[in-house]
Amino acid sequence: MKRIGIDLGGTKIQGIVLAEEGRVLATRRAATPADSYPGTVAAIVRMVAELDSGSGETTDLPVGIGTPGIWMPERGAMKNCNSTWLNGQPLLTDLEHALGPRVRIANDADCFALSEAVSGTGRGHASVFGVILGTGVGGGFVVGGRLMSGPNGLSGEWGHTPLAYLGLHEELEMSAGSELDRRHEQANALESQLAVRTCYCGRPGCVETYLSGPGWRQTHRELWGDDVPTETIAKRRDERSEQTFFLYSRMLARSLAQIVNVVDPSVIVLGGGLSKVQALYQPVNEMLARYVFSGECDTQVKAPKLGAESGVLGAAQLWREDGG
Ligand SMILES: [Zn+2]
């Protein structure tokens, strides 16, 4: 069965037709009509019509749409969209009205997790936790090729949980006096200099305020008074940048350990801009066991395989036989 995938972003809308075996048969791209909800609905409907007519099928294809927010079925409205003109709007209802009951929508982080689980790094794993580390922090959880979802639409939203152990110094067994212990001791001292951050969601100490790109940059600025882009901090080899890098890796390992403790995924796949920082994977994997209950961890944190297309590919997977 061919399927249409649409990735609704803040600046552009991407669409594809995906063949059963996973080949992309057609692609479309259009600018998102910013600040116009009716314009956004019309642009999606237009793109679906184009993909339909070019597909060579006589019946309408199923459509999966990745959105920058959460669809609340009970309320019949979108929420938490950073494309704010979508918030409170009956997006799925309006699309079904225009396209028929062949539309499914999901959060873009969920689409990322699904695509990596079905055809990316997570392929062959029983369960996959997909993590977005970018301007924001989010995620999605896929078990047996199916996205986990619940009544609040919040599955995978670890970015708005409190950062684990924030303000609590690690007790170290210093007897070994290892280089690693020295680094953790330094990190304890540095972390105590950081102010507790208030998230845009209104709560203090959210993971997102520390582990997003802007959060990483803020940590470096607060510690050293040096305001430089995250990519620069990650590439630099001076002592200050290395300490910020260690602090970030440690916060990430601590946070991911909470996910392991709760849902114990077979693999964690990173996505978003910061997933490109290759130097993160080794230290985070090494540190994970330190924070997981029992002190052992077989779950690996891995790089994504699909890149920028993962959102639109995941959207098309929302109508898999065993997915959605
Ligand atoms: Zn928050």
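Please read all numbers here as calculations on a predicted model, not as lab measurements. When a ligand or atom number is given, it counts from 1 through the structure's own listing order. Numbers for residues simply follow the sequence, beginning at 1.
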Residues which pass salt bridge (Lys or Arg N to Asp or Glu O under 4.0 Å) with Asp264, listed by chain and number, not counting sequence neighbours: none
With a cut-off of under 6.0 Å to the ring centre and 45° to the axis, is Arg254 in cation-pi contact with Tyr165? no
Please determine which of Glu185, His184, Glu179 meets the side-chain hydrogen bond (donor to acceptor under 3.5 Å, both in side chains) test together with Arg182. Glu179
Nearby protein N/O/S atoms (those under 2.8 Å) for the Zn ion (ligand 1), with water ignored: His160 ND1, Cys199 SG, Cys201 SG, Cys206 SG
Closest contact, heavy atoms only, Phe112 versus Val269: CE2-O, 3.7 Å
Looking at residues at least two apart in the chain, or sitting in another chain, which of them share a ring-ring contact (aromatic ring centres under 6.0 Å, His included) with Tyr210? none
Show me, pair by pair, the donor-acceptor contacts under 3.5 angstrom made by side chains of residues 42-55, not counting sequence neighbours?
{"residue": "Glu50", "atom": "OE1", "partner": "Arg28", "partner atom": "NE", "Å": "2.9"}
{"residue": "Asp52", "atom": "OD1", "partner": "Leu61", "partner atom": "N", "Å": "3.2"}
{"residue": "Asp52", "atom": "OD1", "partner": "Arg102", "partner atom": "NH1", "Å": "3.4"}
{"residue": "Asp52", "atom": "OD2", "partner": "Arg102", "partner atom": "NH1", "Å": "3.0"}
{"residue": "Asp52", "atom": "OD2", "partner": "Arg102", "partner atom": "NH2", "Å": "2.9"}
{"residue": "Ser53", "atom": "OG", "partner": "Ala49", "partner atom": "O", "Å": "3.2"}
{"residue": "Ser53", "atom": "OG", "partner": "Glu50", "partner atom": "O", "Å": "3.1"}
{"residue": "Ser55", "atom": "OG", "partner": "Asp52", "partner atom": "O", "Å": "2.8"}
{"residue": "Ser55", "atom": "OG", "partner": "Glu57", "partner atom": "N", "Å": "3.2"}

